[in-house]
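Below is one structure, written out as structure tokens, with a few remarks after it.
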Amino acid sequence: QGYYARRGGVGESGDFVTSPEISQVFGELIGIWYISEWIATGKPKAFQLVELGPGRGTLTDDILRVFNQLASLLSKCDVSVHLVEVSPKLSEIQALMLTGGQLQSNPEDKSAYMKGISKTGIPIFWYRDIQDVPQGYSFYLAHEFFDALPIHKFQRTQKGWREVLVDIDPEVPDQLRFVLAPSSTPATENFIQPEETRDHVEVCPEAGVLIQRLASRLEKDGGAALIADYGHDGTKTDTFRGFQNHKLHDVLKAPGTADLTADVDFSYLRKMTQGRTATLGPIKQREFLKNMGIDLRLQVLLQNSQDTVTQEQLLHSYDMLMNPKKMGDCFNFFALLPHHRFIQPDNKHNPQSRAPLVPVAGFGELLLK
Ligand code: SAH
């Protein structure tokens, strides 16, 4: 009965709109990021693209278009797509967007609940849980996913930490309210970091478990994870809020009808890797996209577009993604990479032949040669 199971209103007609829905360039640059990592790690023979919470499927569609444009580069690589999605409604929308209807429900390999072939000929599988996705060298993607997962809220009081709970207001029928737990709860005992300095914290244990799983997989099989979301690096406090029809909505009103969200605490995600992988970021969306070459891509699209309406639309969507007052500053990019990605291969016999380590795209300034 939850919001995503029933409704899941991504897009202009829904409750909120996301970067891939605003501009094709967003997904294209992320596609390039994965290709760049694939090249930097020696072009492995196969990779899986695993997206958590794909929404309408637009981001993967844009990434697959890039893979198709680079088909000659990827011709010897076995690419497959694995989508982790709980919403039956959104998985149908994704299937239509990505496969154009070439689908098989309940395929023989039981772990996936749906299977299809992309418009560009790449196999796509759907799962409800990351643990069902086959192991192997993988590129993970989570865009506006972690903010959708449930949080616990805690308040520091004179008697110590207390969990903020939801209760029924005894004075008003059908009205929920926030209350402080009268004593410590199991969540209070387990989810507050001993070194916490804030007075109010939001913790998403489900995100912690997922990061541990991603970090273990990357440590074992290699690849990379790119996580993009609005959030902070362990500084913000009370961020839990709701959206309905693109407007702020009281989180306790009409449960299940509004998008509920809380900023992602990247410091918590970093901690939850437990040192199994290296991490990069969080860096601001506008910096990441600039480093990935968004300005050049915009110039090309502007030159190729015939009419002023399209050009205005391109400039408008660029401004939405990059303007610090719009999505440029509040959205962040964060990456998990295996430690060996940063270690120089030991070439004792011929030290002169050592190639410099290839920098990770997006997290450093773009240098044009
Ligand atoms: N990445 C998309 C959509 C973000 S909305 C975009 O940027 O446009 C969040 C997505 O996560 C939806 O597809 C929703 O159905 C999915 N989702 C929410 N909770 C989930 C969970 N616990 N497991 C898997 N998917 C989930």
Side-chain angles (χ1 to χ4, degrees), residues 1-31 33-34 49-64 81-98 111-114 124-133 139-152 204-214 225-231 241-244 246 255-264 285 288-289 317 320-321 327 330-334:
Q1 288 299 301
Y3 172 74
Y4 282 107
R6 291 195 329 181
R7 211 170 127 118
V10 194
E12 242 163 86
S13 60
D15 297 312
F16 60 104
V17 67
T18 59
S19 294
E21 301 293 333
I22 290 169
S23 169
Q24 66 174 81
V25 179
F26 187 81
E28 288 172 351
L29 295 177
I30 290 179
W33 192 84
Y34 289 123
L49 173 68
V50 184
E51 187 178 3
L52 309 178
R56 299 166 58 82
T58 314
L59 188 48
T60 287
D61 199 43
D62 291 338
I63 293 173
L64 290 184
V81 172
H82 305 261
L83 304 176
V84 180
E85 176 57 87
V86 282
S87 161
K89 199 165 164 184
L90 284 174
S91 62
E92 267 175 42
I93 296 177
Q94 292 152 16
L96 209 59
M97 161 87 77
L98 295 167
S111 58
Y113 66 82
M114 198 161 69
I124 311 183
F125 303 86
W126 277 263
Y127 314 82
R128 289 190 186 85
D129 197 301
I130 178 103
Q131 279 177 294
D132 297 332
V133 177
F139 291 131
Y140 298 93
L141 174 59
H143 180 257
E144 285 218 44
F145 171 75
F146 282 101
D147 75 278
L149 301 179
I151 50 153
H152 285 266
C204 180
E206 217 174 301
V209 171
L210 265 162
I211 288 291
Q212 287 178 359
R213 297 212 164 111
L214 289 183
L226 197 56
I227 296 166
D229 227 308
Y230 42 77
R241 59 205 183 279
F243 286 97
Q244 200 177 63
H246 304 270
T257 66
D259 168 46
L260 301 187
T261 171
D263 277 18
V264 174
Q285 170 158 308
F288 179 85
L289 295 178
S317 54
M320 281 292 284
L321 296 184
M327 296 168 112
C330 54
F331 281 84
N332 293 275
F333 277 75
F334 182 74

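Start at 1 and go down the list; that is how both ligands and their atoms are numbered.
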Looking at Arg241 and Asp263, is any side-chain nitrogen of the basic one under 4.0 Å from a carboxylate oxygen of the acidic one? yes
Check ligand 1 against Glu206 and write out every atom of the ligand that is under 4.0 Å from a heavy-atom position of the residue. 22 (N)
Atom indices of ligand 1 within 4.0 angstrom of Thr18 heavy atoms, with elements: 6 (C), 7 (O), 8 (O)
What I want to know is whether Phe16 and ligand 1 share at least one N or O pair that is separated by under 3.5 angstrom. no
Contacting atoms of ligand 1, where contact means under 4.0 angstrom from a heavy atom of His143: 1 (N), 2 (C), 4 (C), 6 (C), 7 (O)
Has Asp129 got a side-chain atom pairing as donor or acceptor with Tyr127's backbone, closer than 3.5 angstrom? no
Record the part of Val86 in heavy-atom contact with ligand 1 below 4.0 Å; permitted values are side chain, backbone, both and neither. both
Leu141 and Ile63: side chain to side chain contact (heavy atoms under 4.5 Å, CB included), yes or no, with the steps? CA-CA 11 Å; Leu141 174 59; Ile63 293 173; 3.6 Å; yes
Go through the steps for Tyr3 and Ser87 under the test side-chain hydrogen bond (donor to acceptor under 3.5 Å, both in side chains), then give the verdict. CA-CA 9 Å; Tyr3 172 74; Ser87 161; over 6 Å; no
Centre-to-centre under 6.0 Å for Phe16 and Phe243, is that the case here? no
Near Ser87, which atoms of ligand 1 are under 4.0 Å from a heavy atom of that residue? 15 (O)
Would Arg56 count as a contact residue for ligand 1, given that I'm defining contact as a non-hydrogen atom of the residue lying under 4.0 Å from a ligand atom? no
Using a heavy-atom cut-off of under 4.0 Å, does the side chain or the backbone of Pro20 touch ligand 1, or both, or neither? side chain
Under 4.0 angstrom from ligand 1, any heavy atom of Leu149? yes
Report, as yes or no, whether the 6.0 Å neighbourhood of atom CD on Glu92 holds more than 12 heavy atoms from other residues, nucleotides or ligands. no
Can Tyr113 and Asp132 be said to form a side-chain hydrogen bond (donor to acceptor under 3.5 Å, both in side chains), step by step? CA-CA 10 Å; Tyr113 66 82; Asp132 297 332; over 6 Å; no
Measure the acute angle between the ring planes of Phe333 and Phe288, then classify it against the limits of 30° and 60° as parallel, tilted or perpendicular. parallel
Output yes when the distance from some N or O of ligand 1 to some N or O of Arg128 is under 3.5 Å, and no in every other case. no
Under 4.0 Å, counting heavy atoms only: does Leu90 come that close to any atom of ligand 1? yes
Could Arg56 and Glu21 be called an ion pair, given the rule that one side-chain N must be under 4.0 Å from one carboxylate O? yes
Near Glu51, which atoms of ligand 1 are under 4.0 Å from a heavy atom of that residue? 1 (N)
Test your reading of the structure: does Glu85 have an N or O sitting under 3.5 Å from an N or O of ligand 1? yes
Start with the C-alpha distance between His82 and Trp126, add both sets of side-chain angles, then the distance that settles side chain to side chain contact (heavy atoms under 4.5 Å, CB included), and finish with yes or no. CA-CA 6 Å; His82 305 261; Trp126 277 263; over 6 Å; no
Would you say ligand 1 has an N or O under 3.5 Å from any N or O of Gly55? yes
What about Tyr4: any of its N or O atoms under 3.5 Å from an N or O on ligand 1? no
